[in-house]
2 protein chains.
Amino acid sequence: MASGKLAGGAGGPFRSCANGICGLLDGGPPLPRLRSMERGERLDTGTGLKLWTVLGGIVALCTSLADGRRQIVGLSTPGNLFCPPDETERLDFWIEALAPSQLCELDLSSHARTIAGNATLASELFRAAQGQARSIYAHLVTLGRLDGMERVCLFLADMAWRIGERTPEGCRVRLPMAREDIADYLGLNAETVSRIFSRVKKARLADFRSPTEYVVQDIAALQSRAPIPAPHRPAGLEFEEREVALS
Amino acid sequence: MASGKLAGGAGGPFRSCANGICGLLDGGPPLPRLRSMERGERLDTGTGLKLWTVLGGIVALCTSLADGRRQIVGLSTPGNLFCPPDETERLDFWIEALAPSQLCELDLSSHARTIAGNATLASELFRAAQGQARSIYAHLVTLGRLDGMERVCLFLADMAWRIGERTPEGCRVRLPMAREDIADYLGLNAETVSRIFSRVKKARLADFRSPTEYVVQDIAALQSRAPIPAPHRPAGLEFEEREVALS
DNA sequence: CTGGGTTGTTGATCCACCTCAATGCCGGGG
DNA sequence: CCCCGGCATTGAGGTGGATCAACAACCCAG
């Protein structure tokens with residue numbers, strides 16, 4: 001009999017990651033591995049089931065096409081947990097730091113039997129994957145049906161929720177990624193992103209203090225420029241804070 | 001002690017769906033519910049965890065935006081298993097038949113405790129969700145980075161793998177959905193889809209015998225028009241055929 | 001067979017975004 | 001200090017796909 005939290009809690013993401021999931025594994029090797037990544041550094045996801053938590057910075061899950069076009073399929077900011085597709089059916093995925101980042105890797109590939117034998121762990125993983133699917137769907141609709149202005153407003157609002165800090169003059173965001181990266185996430189190109197930023201500023205939806213910093217007075221107004229809402233909670237695979245009783 | 005198959009097998013998808021998953025539930029009510037849907041008919045996904053298998057026809061998982069734009073986020077053809085996002089965070093999803101279809105619904109919402117207590121079932125669900133995520137990622141890259149011609153070629157090749165029948169003159173496909181539906185799946189509009197079909201025919205990549213039927217000589221050539229491959233296996237949440245020992 | 005509704009095709013036009021190119025800005029190193 | 005490389009911004013011009021509209025093909029009912 002044991003008990004643990006799967007996320008959040010006093011220890012922060014790393015502690016909870018280690019305490020929560022690892023507590024569910026029966027006596028394997030000490031699993032969590034801490035990594036630091038420079039901007040632009042890539043990490044191969046390899047084979048087998050792995051989970052990552054972002055401790056600091058911002059990382060992207062990326063793919064590229066045969067001709068070099070890149071698409072970022074997901075962003076993770078501190079507190080997010082994510083899990084790349086384990087089998088890459090000729091689409092190769094990698095993890096890339098868009099700014100200096102720290103993350104924690106949990107390699108579960110040698111614990112397939114543990115997972116198959118631990119219902120609590122397996123159903124938590126299932127719940128988490130369901131949550132992740134939800135945010136991919138939202139991104140998919142964004143790419144399929146929204147125009148540039150709508151995509152950018154949604155993105156700026158999303159980043160404000162994720163990493164903005166409240167100040168007396170509004171929500172201040174230090175943008176930790178380049179225009180190129182934003183473009184590859186939104187299915188646009190860097191020049192278009194830059195142009196739309198100028199339009200956003202002119203429309204007073206966000207105030208750009210520098211290329212890497214903006215202040216939003218009214219996040220709701222910003223995201224209502226798009227006909228679907230941005231998630232108020234950070235997107236990505238994430239465990240909710242709740243107790244789970246283990247058997 | 002019991003044993004079952006989670007998909008495929010002699011009984012076809014319905015039997016396996018009933019035999020497999022239901023066999024994993026401890027004595028609840030007989031769960032699988034058979035539904036017939038007319039073209040255009042919608043089915044609300046409701047709340048709670050539900051799984052569907054398609055027995056015949058073709059169904060789509062759809063969303064729409066505040067201004068009416070529709071996006072089809074996934075297609076399911078016979079043999080596919082799918083699972084809509086359970087919580088619709090202000091994005092409303094529904095299931096829509098694009099042609100007369102039959103499907104089988106498994107309502108697991110009252111079996112949360114069973115899932116949390118049955119490691120085999122929970123880890124199968126997790127594996128299935130992982131597989132579903134993989135196909136959403138592929139679709140996301142399609143919408144983010146491919147042009148119209150590439151999207152359409154990938155789609156035609158995908159449909160050939162899913163529902164084509166081999167004939168001496170090539171792979172013959174009866175297209176069970178309207179141009180509008182294809183457009184909403186590919187993030188285009190109906191006129192553009194029609195125009196691109198004409199280009200595909202002119203390029204002899206596929207031979208349209210009628211608006212709803214085409215023959216492909218070389219599926220590989222078709223999908224190689226796009227820089228990423230179409231999945232050879234039908235996309236969507238799908239259980240592989242394999243035995244699972246239950247405890 | 002005929003008429004009406006639905007769906008598919010094709011054309012003309014427009015516009016959002018891409019591409020290419022020039023310039024500006026900033027930080028680091030000699 | 002200047003120079004240089006990387007990134008952001010802005011402009012000019014081209015294009016793929018959307019929009020609007022006309023028409024053709026087909027299905028079904030009467």
Side-chain angles (χ1 to χ4, degrees), chain A residues 38-41 65 67-71 97-100 142-153 155-156 174-203 206-214 225-227, chain B residues 38-41 58 65 67-71 98-100 142-153 155-156 173-203 206-214 225-226:
Chain A
E38 287 310 308
R39 169 166 181 215
E41 198 179 333
L65 308 184
D67 57 9
R69 283 175 280 183
R70 181 176 70 153
Q71 177 68 49
L98 304 183
T142 299
L143 297 185
R145 286 290 174 225
L146 299 191
D147 67 21
M149 185 70 174
E150 292 167 333
R151 295 182 201 189
V152 165
C153 287
F155 169 78
L156 292 173
R174 294 221 28 147
L175 247 196
M177 55 200 285
R179 299 290 183 270
E180 188 78 34
D181 298 324
I182 299 169
D184 284 345
Y185 178 63
L186 296 178
L188 301 169
N189 75 12
E191 294 93 330
T192 300
V193 169
S194 181
R195 269 182 264 264
I196 295 178
F197 276 7
S198 301
R199 284 207 281 147
V200 167
K201 176 168 186 171
K202 202 163 298 174
D207 183 19
F208 281 83
R209 303 285 163 89
S210 85
T212 61
E213 184 179 335
Y214 62 95
R225 286 297 304 249
Chain B
E38 288 310 307
R39 171 168 178 215
E41 198 178 333
I58 182 167
L65 308 184
D67 56 10
R69 282 176 280 185
R70 181 176 71 155
Q71 176 69 50
L98 305 183
T142 299
L143 297 185
R145 285 290 173 226
L146 299 191
D147 67 23
M149 185 70 173
E150 292 167 334
R151 295 182 201 190
V152 166
C153 288
F155 169 78
L156 292 173
V173 184
R174 293 219 26 148
L175 247 195
M177 54 199 286
R179 299 289 184 270
E180 187 77 35
D181 298 324
I182 299 169
D184 285 345
Y185 179 62
L186 296 178
L188 300 170
N189 75 12
E191 293 94 325
T192 300
V193 169
S194 179
R195 266 182 264 266
I196 296 178
F197 276 8
S198 300
R199 285 206 281 146
V200 167
K201 177 169 186 168
K202 203 163 297 177
D207 182 19
F208 281 83
R209 303 283 163 89
S210 84
T212 60
E213 184 179 337
Y214 63 95
R225 285 297 304 249

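Protein chains get the first letters and strands the later ones, always in sequence-line order, with residue 1 at the start of each.
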Check: So, B/D181 and B/R70, do they make that salt bridge, N to O below 4.0 Å?
Finding: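 Yes, charged N to carboxylate O under 4.0 Å.
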
Short question: side chain of [X], backbone of [Y] - any donor-acceptor pair under 3.5 Å?
X      : Y      : result
B/R179 : B/A190 : no
B/R69  : A/R145 : yes
B/E213 : B/V173 : no

Check: Rounded to the Å, how far apart are A/D147 CG and C/dC14 P?
Finding: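 Answer to the nearest Å: 20 Å.
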
Checklist line | Along DNA chain D, first and last positions that approach a heavy atom of chain A under 4.0 Å | finding: D/dC7 to D/dA12

Item checked: Residue pairs passing the side chain to side chain donor-acceptor pair (under 3.5 Å) test where at least one lies in residues 194-203 of chain A, sequence neighbours excluded -> none

Could you go through nucleotides 24-28 of chain C and list every protein N or O atom that sits under 3.5 Å from one of its N or O atoms, giving the distance for each pair?
none

Note to self: Checking B/R174 now: which residues fulfil salt bridge (charged side-chain N to carboxylate O under 4.0 Å, His left out) with it, not counting sequence neighbours?
What the structure shows: none

Check: Can you find a heavy atom in the side chain of B/L175 that is under 4.5 Å from one in the side chain of B/F197?
Finding: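 Side chain of B/L175 against side chain of B/F197, heavy atoms only: contact under 4.5 Å found.
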
Next item on the list: Please list, chain by chain and in numerical order, all residues satisfying ring pair (Phe, Tyr, Trp, His ring centres under 6.0 Å) with B/Y214, sequence neighbours excluded.
Entry: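 B/Y214 satisfies ring pair (Phe, Tyr, Trp, His ring centres under 6.0 Å) with B/F208 only.
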
Margin query: Could you report the tightest heavy-atom contact between B/L146 and B/R151, atom names first, then the distance?
Written below: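 Closest heavy-atom pair between B/L146 and B/R151: O-NE, 2.8 Å.
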
Notebook entry, point to check: What's the shortest heavy-atom distance between A/N189 and A/A183, and which atoms?
Noted result: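 Residues A/N189 and A/A183, closest heavy atoms: C-CB, 3.3 Å.
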
Could you run down the sub-3.5 Å N/O contacts of the protein with nucleotides 5-11 of chain C?
unit_1	atom_1	unit_2	atom_2	d
C/dT7	OP1	B/R39	NH1	3.3
C/dG8	OP2	B/R179	N	3.3
C/dT9	OP1	B/R179	NH2	3.4
C/dT9	OP2	B/R179	NE	2.7
C/dT9	OP2	B/R179	NH2	3.2
C/dT9	OP2	B/S194	OG	2.9
C/dT9	O5'	B/S194	OG	3.2
C/dT10	OP2	B/S198	OG	2.6
C/dG11	N7	B/R195	NH1	2.8
C/dG11	O6	B/R195	NH2	3.2

Check: When you check the phosphate oxygens OP1 and OP2 of C/dT19, does a side-chain N or O of A/N189 lie under 4.0 Å from one of them?
Finding: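 Answer yes for this pair, as a side-chain N or O of A/N189 is under 4.0 Å from OP1 or OP2.
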
